[in-house]
Amino acid sequence: MDRVLEPELMDDPRQAEAYAQADFEKENQGFVERFRECFPEFAQGTVLDLGCGPGDIPIRFAKLYPACQVIGVDASAPMIQFGEQAVQQAGLTDRITLRCERYEEVAGARIADAAISNSLLHHLPNPLQFWQKLRQLVKPGAPVLVMDLLRPESPEAAQAIVDQYAANEPDILRRDFHNSLLAALTEDEIGSQLARMNLTRLLIDIPDDRHWVVGGIIY
């Protein structure tokens, strides 16, 4: 099945609200704990979250790493608004900064001691730009962890995944989940992108039937 692109931004406030209110605790907490397992020596520094959404992962990361500053970037204004509310409620405004900004417009080079990203790439028409920008933004020796959806073999397989994992979710989330699966990347596509960007030290893992994860050190 070929990729079917979806809109890059979740600018609909209803869509952002549904996403912010959804229960992604298992997935998001698993993501930050996976970072800790992959990089046990990491303890402090500036962490960049590209595509931070409503701020749940930056909050979980900041709680797990009390010596870190987290910068979350997302181009969706409604997402950032929900994220800022969540950060304030968590009492972490001194350690988490959220910015409404496209990832490719983030200024500076070698500004981050680590970088994370969850569920951004399936929004991007040209994921190669993401890997290039990621390399520019992190310091040599920085750990990175990127996770996203894995594209199924057919629209029918995508619908089966939605029915299995999101049966009780609101219609708007079920629709978005299905569209995101159609816009997602395959393991071979990710491997090809990493090879073209000379990022073959980053390793690809397929932890379940609907996600891929890339992790490693960028030099």
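These numbers come from a predicted model, not from an experiment.
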Determine, using the 4.5 Å side-chain heavy-atom cutoff (strictly less than), whether Leu203 and Leu150 are members of one ILVMFWY cluster.
no

Check whether the side chains of His122 and Glu6 place a donor and an acceptor atom closer than 3.5 Å, and report yes or no. yes

Between Leu64 and Val32 the two heavy atoms that sit nearest each other are CD2-O, 3.6 Å

Between Phe31 and Phe35, is the gap from one ring center to the other below 6.0 Å?
-> no

Smallest heavy-atom separation, Ala107 atom then Glu101 atom, equals N-OE2, 4.2 Å

dist Leu98:CG -> Thr93:OG1 (nearest 0.5 Å) comes out at 10.5 Å

| message | If you apply the rule side chain to side chain contact (heavy atoms under 4.5 Å, CB included), what do you find for Thr97 with Val70, and how did you get there? | response | CA-CA 6 Å; Thr97 302; Val70 183; over 6 Å; no

In this structure, CG of Asp56 is separated from CD of Glu27 (nearest 0.5 Å) by 10.5 Å

Atom CG of residue position Asn168 - does it have more than 12 heavy atoms of other residues, nucleotides or ligands inside 6.0 Å?
no

Closest heavy-atom pair, Arg135 versus Arg110, reported as atoms and distance to 0.1 Å, is O-NH1, 3.1 Å

Next on the checklist: With a 3.5 Å distance limit and no angle check, can you tell me whether Trp212 reaches the backbone of Ile204 through a side-chain donor-acceptor pair?
Outcome noted: no

Distance-only donor-acceptor pairs under 3.5 Å for side chains of residues 190-201, two or more places apart:
unit_1, atom_1, unit_2, atom_2, d
Gln193, OE1, Trp131, NE1, 2.9

> Are the side chains of Glu25 and Arg60 in touch, meaning some heavy atoms are under 4.5 Å apart?
Replying inline: yes

Asp49 vs Ile57, test: side chain to side chain contact (heavy atoms under 4.5 Å, CB included). Steps then yes/no. CA-CA 8 Å; Asp49 183 356; Ile57 285 179; 3.7 Å; yes

Nearest heavy-atom contact between Cys52 and Ile80 is SG-CD1, 4.0 Å

When rounded to the nearest 0.5 Å, the distance separating SG of Cys68 from CD of Gln44 is 7.5 Å

Joint hydrophobic cluster, Leu121 plus Leu145, side-chain heavy atoms closer than 4.5 Å: no

Distance col, row Leu137:CG vs Gln132:CD, nearest 0.5 angstrom, shows 10.5 Å

Mind checking whether Val73 and Ile71 have side chains closer than 4.5 Å, heavy atoms only?
yes

dist Glu33:CD -> Glu37:CD (nearest 0.5 Å) comes out at 7.0 Å

Notebook entry, point to check: Would you say Leu202 and Ile218 make side-chain contact, with heavy atoms under 4.5 Å?
Noted result: yes

Review point. Is Lys133 reaching over with its side chain to a backbone N or O of Leu128, donor-acceptor style, under 3.5 angstrom?
Key: no

More than 12 heavy atoms of other residues, nucleotides or ligands under 6.0 Å from CD of Gln136: yes or no?
yes

- For Tyr165 and Asp209, does a side-chain donor sit closer than 3.5 Å to a side-chain acceptor? yes

In terms of heavy-atom contacts, Asn126 and Tyr103 come closest through O-OH, 4.2 Å

Handout entry: Single-linkage hydrophobic cluster Val214~Leu48, side-chain heavy atoms < 4.5 angstrom
Key = yes

Report task. Verify the cluster assignment for Leu185 and Leu120: are they in a single hydrophobic cluster under the rule of side-chain heavy atoms below 4.5 Å apart? Result -> yes

- Query: Would you say Arg3 and Leu182 make side-chain contact, with heavy atoms under 4.5 Å?
  - Reply: no

In short, Phe42 meets Pro143 closest at the heavy-atom pair CD1-CG, 4.0 Å

Working for side chain to side chain contact (heavy atoms under 4.5 Å, CB included), residues Ile111 and Val106: CA-CA 10 Å; Ile111 61 173; Val106 177; 4.2 Å; yes

Report the C-alpha separation of Asn118 and Asp148 in whole Å, then their side-chain angles, then the decisive distance to 0.1 Å, and conclude whether the side chain to side chain contact (heavy atoms under 4.5 Å, CB included) test is met. CA-CA 6 Å; Asn118 181 26; Asp148 211 314; 5.8 Å; no

Please confirm whether the backbone N or O of Ala166 pairs with a side-chain atom of Arg174, one donor and one acceptor, at under 3.5 Å?
yes

Where the side chain of Glu189 meets the backbone of Thr186, is there a donor-acceptor pair that is under 3.5 Å apart?
yes

Interatomic distance, CZ@Phe130 vs NE2@His123, rounded to 0.5 Å, equals 12.5 Å

### Query
If only atom types and distance count, is the side chain of Asp205 paired as donor or acceptor with the main-chain N or O of Val213 below 3.5 Å?
no

### Message
Any non-hydrogen side-chain atom of Cys38 less than 4.5 Å from a side-chain atom of Arg34?
### Response
yes

(message) Looking at Arg175 and Asp171, is there a salt bridge between them, counting it only when a charged N and a carboxylate O are closer than 4.0 Å?
(response) no

### Query
How about Leu173 and Phe177: do any of their side-chain heavy atoms sit closer than 4.5 Å?
no

Salt bridge check: are Arg99 and Asp74 linked by an N-O gap of less than 4.0 Å? no

Is there a donor-acceptor pair closer than 3.5 Å between any side-chain N or O of Ser117 and the backbone N or O of Leu50? yes

Open item on the list: Can you confirm whether the side chains of Gln69 and Arg95 place a donor and an acceptor under 3.5 Å from each other?
Closed with: no

Mind checking whether Tyr65 and Ile116 sit in one hydrophobic cluster, side chains of I, L, V, M, F, W, Y counted as touching below 4.5 Å? yes

